[in-house]
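Right, one structure below, let's go through it.
Note that the numbering runs from 1 along the sequence shown for the chain.
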Amino acid sequence: MDKQDGRAADEPGDVRLDDPWYETPASGWGEWDDDATDERSGPGRTQTPAPVPRAVTHDEVYLAVQRSAAFQEVRRRYRRFVVPATAVFLAWYLAYVITATTAPGLMSHRVAGALNVAMLAGLGQFATTFLLTWAYARHARVRRDGAALDIRWETQELTGGNVR
């Protein structure tokens with residue numbers, strides 16, 4: 001489906017109708033209608049204001065989300081990837097630095113032409129950085145993003161779009 005200006009409907013920056021923040025009013029906009037009247041009001045009747053619901057505070061919402069099993073599962077999945085990946089990457093980096101410092105003869109060994117072991121290991125550091133970044137993004141997309149979006153929806157429902 002194309003928009004009037006010829007752009008496709010699924011371009012970045014477009015508002016999606018399944019976005020949980022799509023219909024959330026800005027603070028102070030349409031939250032409470034002060035001009036509402038009681039249908040039963042008339043001659044001899046006093047108008048009783050509708051009870052105002054207690055405002056949900058940020059602290060209450062965030063504590064409830066943090067204590068939820070779904071949030072704990074997302075955090076567990078995050079830690080199960082990040083802690084080992086960080087340990088392996090730091091061990092690889094320290095091995096490179098220590099080997100370069102303690103075994104310069106090994107690092108200067110020529111592999112092909114002007115390319116030596118130190119240059120290959122240094123390029124390997126760059127390669128593993130990009131590989132780790134890709135693996136992290138994939139892990140987040142496959143293992144955590146869906147659950148995090150569900151938590152976001154639940155938080156939106158819990159607050160009713162009205163967090164104070």
Side-chain angles (χ1 to χ4, degrees), residues 1-27 29 31 54-164:
M1 177 173 158
D2 289 334
K3 295 189 172 196
Q4 291 178 355
D5 61 358
R7 294 182 301 130
D10 293 328
E11 289 182 347
D14 288 344
V15 176
R16 296 183 352 221
L17 295 178
D18 62 339
D19 187 350
W21 305 107
Y22 177 72
E23 293 184 9
T24 303
S27 179
W29 290 82
E31 290 154 353
R54 187 177 71 79
V56 179
T57 65
H58 286 287
D59 294 341
E60 292 170 335
V61 171
Y62 294 137
L63 286 174
V65 169
Q66 184 181 13
R67 292 178 183 136
S68 71
F71 181 81
Q72 295 301 321
E73 178 66 18
V74 170
R75 294 295 297 167
R76 185 184 64 78
R77 289 178 183 175
Y78 171 79
R79 283 189 299 264
R80 287 180 91 188
F81 179 84
V82 169
V83 171
T86 302
V88 167
F89 185 78
L90 284 176
W92 160 231
Y93 175 74
L94 289 174
Y96 170 70
V97 171
I98 291 169
T99 305
T101 306
T102 60
L106 172 68
M107 297 299 268
S108 65
H109 180 72
R110 292 192 185 271
V111 176
L115 194 63
N116 61 19
V117 172
M119 292 174 117
L120 285 178
L123 291 172
Q125 290 290 316
F126 284 106
T128 55
T129 299
F130 290 117
L131 179 67
L132 185 59
T133 302
W134 170 81
Y136 176 82
R138 183 178 186 285
H139 182 269
R141 184 179 68 249
V142 171
R143 306 259 184 205
R144 297 189 320 262
D145 285 353
L149 185 60
D150 290 341
I151 292 170
R152 182 178 174 187
W153 276 99
E154 290 172 16
T155 303
Q156 182 69 16
E157 289 175 2
L158 180 64
T159 62
N162 189 16
V163 179
R164 295 182 189 174

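Residues meeting the side chain to side chain donor-acceptor pair (under 3.5 Å) test with Gln72, sequence neighbours left out: none. By the side chain to side chain donor-acceptor pair (under 3.5 Å) test, Arg144 pairs with Tyr136, His139, sequence neighbours left out. Partners of Arg141 according to the side chain to side chain contact (heavy atoms under 4.5 Å, CB included) rule, which considers only residues two or more places apart in sequence or in another chain, are Arg138, Asp145. Residues meeting the side chain to side chain contact (heavy atoms under 4.5 Å, CB included) test with Ala70, sequence neighbours left out: Ser68, Ile151.
In terms of heavy-atom proximity, Ala147 sits nearest to Val74 at CB-CG2, 3.5 Å.
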List, one per line, each side-chain donor-acceptor pair under 3.5 Å for residues 80-99, sequence neighbours excluded.
| from | atom 1 | to | atom 2 | distance (Å) |
| --- | --- | --- | --- | --- |
| Thr86 | OG1 | Val82 | O | 2.7 |
| Trp92 | NE1 | Thr128 | OG1 | 3.1 |
| Thr99 | OG1 | Ala95 | O | 2.6 |

Considering only distance and modelled atom types, tabulate donor-acceptor pairs under 3.5 Å from the side chains of residues 103-119, sequence neighbours left out.
| from | atom 1 | to | atom 2 | distance (Å) |
| --- | --- | --- | --- | --- |
| Ser108 | OG | Pro104 | O | 3.1 |
| Ser108 | OG | Gly105 | O | 3.1 |
| Arg110 | NH1 | Gly113 | O | 3.1 |
| Asn116 | OD1 | Ala118 | N | 3.3 |
| Asn116 | OD1 | Met119 | N | 2.8 |

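Residue Arg143 places its CZ atom among 12 or fewer non-hydrogen atoms of other residues, nucleotides or ligands, all under 6.0 Å distant.
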